[in-house]
Asks: 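Have a look at this one.
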Number of protein chains: 2
Amino acid sequence: MSNLDLIAKMAGFSKATVSRVLNQSPHVSQETRNKILSIMKELDYVPNRNAISLSKGQTMQIGISTEGINNLMLPFLNGFVEIASQYGYQTIIYTSGGDAKKELQPFEDLRRKRVDALVIITSVNDPSLLRSYCKYGPIVSWQRMDQPDISSVAMDQYEGYWLALEHLIEKGYNRIANAFGRPNSINTHNRMRAYADMMGKHHLTVSPKWSFSSVYTIRDGEQVVRDLLEHKDDLPDAILCANDYVAAGALCEARRQQLKVPEDLAIVGFDNTELAHTMGITSIHNPIAAQAQNAFYLLLLQLLDTEVELEILQFSLIQRFTT
Amino acid sequence: MSNLDLIAKMAGFSKATVSRVLNQSPHVSQETRNKILSIMKELDYVPNRNAISLSKGQTMQIGISTEGINNLMLPFLNGFVEIASQYGYQTIIYTSGGDAKKELQPFEDLRRKRVDALVIITSVNDPSLLRSYCKYGPIVSWQRMDQPDISSVAMDQYEGYWLALEHLIEKGYNRIANAFGRPNSINTHNRMRAYADMMGKHHLTVSPKWSFSSVYTIRDGEQVVRDLLEHKDDLPDAILCANDYVAAGALCEARRQQLKVPEDLAIVGFDNTELAHTMGITSIHNPIAAQAQNAFYLLLLQLLDTEVELEILQFSLIQRFTT
DNA sequence: TTGAAAGCGGTACCAT
DNA sequence: ATGGTACCGCTTTCAA
């Protein structure tokens with residue numbers, strides 16, 4: 001393997017000059033530059049990244065910490081890798097499998113200067129512990145952290161849910177059921193608030209029989225429809241789902257039960273994933289890729305101490321065939 | 001930031017000794033070790049990974065090259081990250097978005113010693129070009145490469161398809177339709193071969209009307225069922241799908257069209273993804289995580305020049321409610 | 001058991 | 001425009 005020294009020796013210049021050529025410094029004569037360049041080519045030379053990292057004190061690598069990778073975070077991951085690479089940063093994935101100790105590794109790697117910054121997708125450790133690593137480098141989070149130094153790019157679900165409700169009511173639906181996700185999460189809480197507010201505003205009926213929690217999967221969505229059909233006298237005319245998977249399950253089951261969608265039952269999903277698209281389910285578009293971009297921009301802000309323009313995050317309703 | 005020198009000075013020993021403590025060398029007296037350890041703790045010292053990488057000439061980082069991340073490669077990615085981290089290796093994701101030039105970056109990074117090894121998930125560049133990077137470090141591929149130095153952990157789809165066909169025939173189905181994926185891929189070719197062989201063996205009817213290509217999505221699966229129903233007089237009694245998404249689409253559409261599954265129409269998916277599980281679709285289990293492990297083992301083999309035990313890869317049939 | 005010093009392969013400041 | 005050289009922080013060989 002050839003190195004700077006060798007190139008310098010062969011070209012008859014000093015390491016410093018060769019380094020200048022490498023870094024496109026203007027203070028090198030064209031002649032010298034050409035000569036050095038041609039020798040580099042001849043020797044098939046490429047600079048060693050470790051040496052650069054050590055010398056510069058930065059690696060151009062950003063870590064992503066998560067319990068595991070699933071469908072929901074795919075757009076985030078893709079979006080982040082994409083924007084980061086545009087700025088010359090690589091992305092390292094750290095999965096913890098929910099193990100608190102293992103989850104600390106990316107944070108230790110921030111400290112050991114293996115990565116320049118960190119983004120948290122999900123975490124199980126005590127937020128204040130994670131926060132203590134902020135002194136080693138910038139950290140942002142997708143999930144809400146409620147820690148002063150760790151900003152989050154998550155969105156307030158109130159708005160999204162409000163949008164869906166508004167759409168249903170405009171369409172004339174007024175007996176609206178809900179399939180919520182994690183019972184005690186901030187997201188669910190905000191969605192519930194939106195529901196209560198909207199129902200109050202329009203003086204609409206709210207039945208506890210129409211409210212479900214811990215609904216996540218296609219299967220769960222099917223079950224919700226079956227549960228609703230237990231009370232034929234008290235059926236809702238629309239159902240707002242925790243995510244598109246739940247909506248897909250609800251849709252399949254409704255059809256199986258001879259319910260016409262959207263005439264008998266309207267269905268709205270959440271996140272506007274591929275699934276909603278392929279199955280034609282009305283859904284709330286969640287700009288996840290934009291959140292990933294913002295996560296990167298927020299890091300860049302601290303990394304380069306520069307101004308950045310954040311993407312404006314906005315839910316939007318994508319109407320398809322289920323409403 | 002404290003470094004080896006500082007620790008050494010404070011402890012009254014040399015850098016070498018401190019380094020020995022760091023690397024658990026047995027040639028350090030317990031007393032010395034304790035003293036140094038306590039000073040490290042006191043100063044909250046951690047070694048700098050870049051310095052280690054530079055000095056050792058390896059980074060303990062492995063790159064994964066792909067056009068983009070989607071559901072299909074998720075189990076592979078997860079499996080790889082998991083096994084790699086068990087051996088102390090981190091995983092860096094490189095996405096090319098199908099851009100040939102951008103796809104070269106992980107390979108250049110192998111050359112520049114940013115990563116110790118590389119795994120290719122999908123690639124668009126000329127395989128022989130990629131192969132030329134093998135001299136810089138170990139490379140394995142998930143997709144078939146047909147290059148001597150790049151071994152692949154992909155599986156022969158013939159076996160899997162054979163399994164599905166055998167199952168259907170045992171169950172008494174004998175008018176079997178196929179929804180294939182990419183028309184000219186090796187995978188599709190092998191599946192077609194399995195189909196031809198099996199049909200020949202049992203002297204079963206083969207109708208060109210029962211064969212579809214370029215079928216990938218839920219939507220595509222729905223369309224296949226509609227197309228089949230165009231010829232009511234010549235309906236198959238089973239359909240073997242390119243993947244679980246297609247099977248899911250076929251299932252939904254069949255039910256919508258009042259076909260009883262599996263009585264009127266049996267449906268078999270492929271890959272045994274989450275979707276097949278949640279929707280109760282019979283599917284061929286594709287041991288993707290095991291392939292990811294093998295990919296890592298194959299790299300380790302070259303990295304450490306050691307013996308490794310590969311996982312045995314085997315398709316298996318998971319029967320559910322659609323057959 | 002411990003130390004001295006030569007790498008590893010660059011960057012960047014200070015001279016000239 | 002170019003050179004000299006002190007870093008960056010750790011590993012490893014050779015001696016003692």
Side-chain angles (χ1 to χ4, degrees), chain A residues 1-37 39-40 43-61 88 108-116 136-137, chain B residues 1-37 39-40 43-61 88 108-116 136-137:
Chain A
M1 276 284 69
S2 48
N3 57 21
L4 259 199
D5 249 333
L6 181 60
I7 304 286
K9 220 153 284 173
M10 294 196 60
F13 291 95
S14 70
K15 274 167 63 173
T17 300
V18 179
S19 175
R20 286 189 191 100
V21 170
L22 242 28
N23 296 287
Q24 356 247 17
S25 156
H27 308 294
V28 184
S29 76
Q30 195 55 49
E31 196 185 354
T32 306
R33 181 185 309 277
N34 289 145
K35 179 161 186 187
I36 290 178
L37 246 22
I39 292 188
M40 285 179 173
L43 268 71
D44 196 31
Y45 167 81
V46 277
N48 180 312
R49 296 218 59 156
N50 294 319
I52 299 177
S53 292
L54 174 60
S55 185
K56 288 209 169 160
Q58 57 168 49
T59 55
M60 303 299 282
Q61 299 190 145
E108 284 299 322
D109 270 4
L110 180 63
R111 196 171 156 210
R112 298 163 138 243
K113 302 196 180 307
R114 156 151 283 183
V115 295
D116 294 338
Y136 303 115
Chain B
M1 277 283 71
S2 49
N3 57 20
L4 260 200
D5 246 335
L6 182 59
I7 305 285
K9 221 153 282 170
M10 293 196 59
F13 290 95
S14 70
K15 276 166 62 175
T17 300
V18 179
S19 175
R20 288 188 189 101
V21 171
L22 240 29
N23 296 287
Q24 356 245 18
S25 156
H27 309 295
V28 183
S29 76
Q30 195 55 50
E31 196 184 354
T32 307
R33 181 185 309 278
N34 289 146
K35 179 160 186 188
I36 291 178
L37 246 21
I39 291 188
M40 284 179 175
L43 267 70
D44 196 31
Y45 168 81
V46 278
N48 179 312
R49 295 216 62 153
N50 294 319
I52 299 176
S53 293
L54 174 59
S55 185
K56 288 208 169 158
Q58 56 168 48
T59 55
M60 302 300 283
Q61 299 189 145
E108 284 298 323
D109 271 4
L110 180 63
R111 195 171 158 211
R112 303 167 129 231
K113 303 198 178 308
R114 155 151 283 181
V115 295
D116 294 339
Y136 303 116

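Lettering of chains follows the sequences in order, A, B, ..., and the numbering in each one begins at 1. For the numbers below, each heavy atom of this structure counts, side chains included, while hydrogens, waters and symmetry mates do not. Quick caveat: nothing in here was measured; it's all calculated off a predicted structure.
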Asks: DNA chain C: B/Lys113 or B/Gly12, which has the more 5' nearest nucleotide?
Replies: B/Gly12

Asks: Between C/dT1, C/dG10, D/dG9, which one does the side chain of B/Thr32 approach most closely?
Replies: C/dT1

Asks: If you compare all heavy atoms of B/Phe13 against all heavy atoms of B/Lys35, which two are closest, and at what distance to 0.1 Å?
Replies: CE1-CD, 4.4 Å

Asks: Establish, with yes or no, whether the OP1 or OP2 oxygen of D/dC10 is under 4.0 angstrom from a side-chain nitrogen or oxygen of B/Ser19.
Replies: no

Asks: Quick one: which of D/dC10, C/dA4, D/dG3 gets closest to the side chain of A/Phe13?
Replies: D/dG3

Asks: Once you round it to whole Å, what is the distance between C1' of D/dC10 and CZ of B/Arg49?
Replies: 12 Å

Asks: Whole-Å distance between D/dA6 C1' and B/Asp5 CG?
Replies: 14 Å

Asks: Is a side-chain donor or acceptor of B/Arg20 paired with a backbone partner of B/Arg33 at a separation under 3.5 angstrom?
Replies: no

Asks: Between A/Lys15 and A/His27, just flag the one whose closest nucleotide in DNA chain D comes earlier from the 5' side.
Replies: A/His27

Asks: Quick check for you: to the nearest 0.5 Å, what is the distance between A/Leu22 atom CG and A/Ile36 atom CD1?
Replies: 9.5 Å

Asks: Expressed as a whole number of angstroms, how long is the span from A/Leu4:CG to C/dA12:C1'?
Replies: 13 Å

Asks: Would one find a side-chain N or O of B/Ser55 under 4.0 angstrom from OP1 or OP2 of D/dG9?
Replies: no

Asks: Take the protein atom CG of B/Leu6 and the nucleotide atom P of D/dC7, then report the distance between them rounded to whole Å.
Replies: 15 Å

Asks: Within the structure shown, what part of the strands sits under 4.0 Å from B/Ser53 by heavy-atom distance: base, sugar-phosphate, or nothing?
Replies: nothing

Asks: Please work out if B/Asn23 contacts a base, only the sugar-phosphate, or nothing of the nucleic acid, heavy-atom cut-off 4.0 Å.
Replies: sugar-phosphate

Asks: Whole angstrom is fine here: how far is it from NZ in B/Lys56 over to C1' in D/dG9?
Replies: 13 Å

Asks: By the definition side chain to side chain contact (heavy atoms under 4.5 Å, CB included), identify the one residue from B/Asn23, B/Thr17, B/Val21 that meets it with B/Ser19.
Replies: B/Asn23

Asks: Using a heavy-atom cut-off of 4.0 Å across all strands, would you classify A/Val18 as base, sugar-phosphate, or nothing?
Replies: nothing

Asks: Going from CG on B/Asn48 to CG on A/Leu54, what distance comes out if it is rounded to the nearest 0.5 angstrom?
Replies: 6.0 Å

Asks: Would you indicate whether the side-chain heavy atoms of A/Leu4 and A/Tyr45 approach each other to under 4.5 Å?
Replies: yes

Asks: Base, sugar-phosphate alone, or nothing: which one does A/Ile52 contact when heavy atoms must sit under 4.0 Å apart?
Replies: sugar-phosphate

Asks: Can you check the B/Met40 CE to D/dG9 P distance for me, whole Å?
Replies: 15 Å

Asks: If you compare every side-chain N and O of A/Thr17 against the phosphate oxygens of D/dG3 (OP1, OP2), does one of them come in below 4.0 Å?
Replies: yes

Asks: Heavy atoms under 4.0 Å, any strand shown: does B/Leu54 hit a base, just sugar-phosphate, or nothing?
Replies: base

Asks: Closest approach to the side chain of A/Ala16, judged atom by atom: which nucleotide of C/dT2, D/dG4, C/dT11 is it?
Replies: D/dG4

Asks: Atom CD of A/Gln24 to atom P of C/dT11: distance rounded to whole Å?
Replies: 11 Å

Asks: So does A/Ser29 get a side-chain nitrogen or oxygen closer than 4.0 Å to the phosphate oxygens (OP1/OP2) of D/dT2?
Replies: yes

Asks: For A/Gln58 and C/dA12, what is the distance between atoms CD and C1' respectively, to the nearest whole Å?
Replies: 14 Å

Asks: Give a yes/no answer on whether the side chain of B/Ser14 brings an N or O atom under 4.0 Å of OP1 or OP2 in C/dG3.
Replies: yes

Asks: Between B/Arg20 and B/Asn50, name the one whose nearest nucleotide on DNA chain D is closer to the 5' end.
Replies: B/Asn50

Asks: Look at B/Asn48 and D/dG9 and indicate whether a side-chain polar atom (N or O) is within less than 4.0 Å of OP1 or OP2.
Replies: no

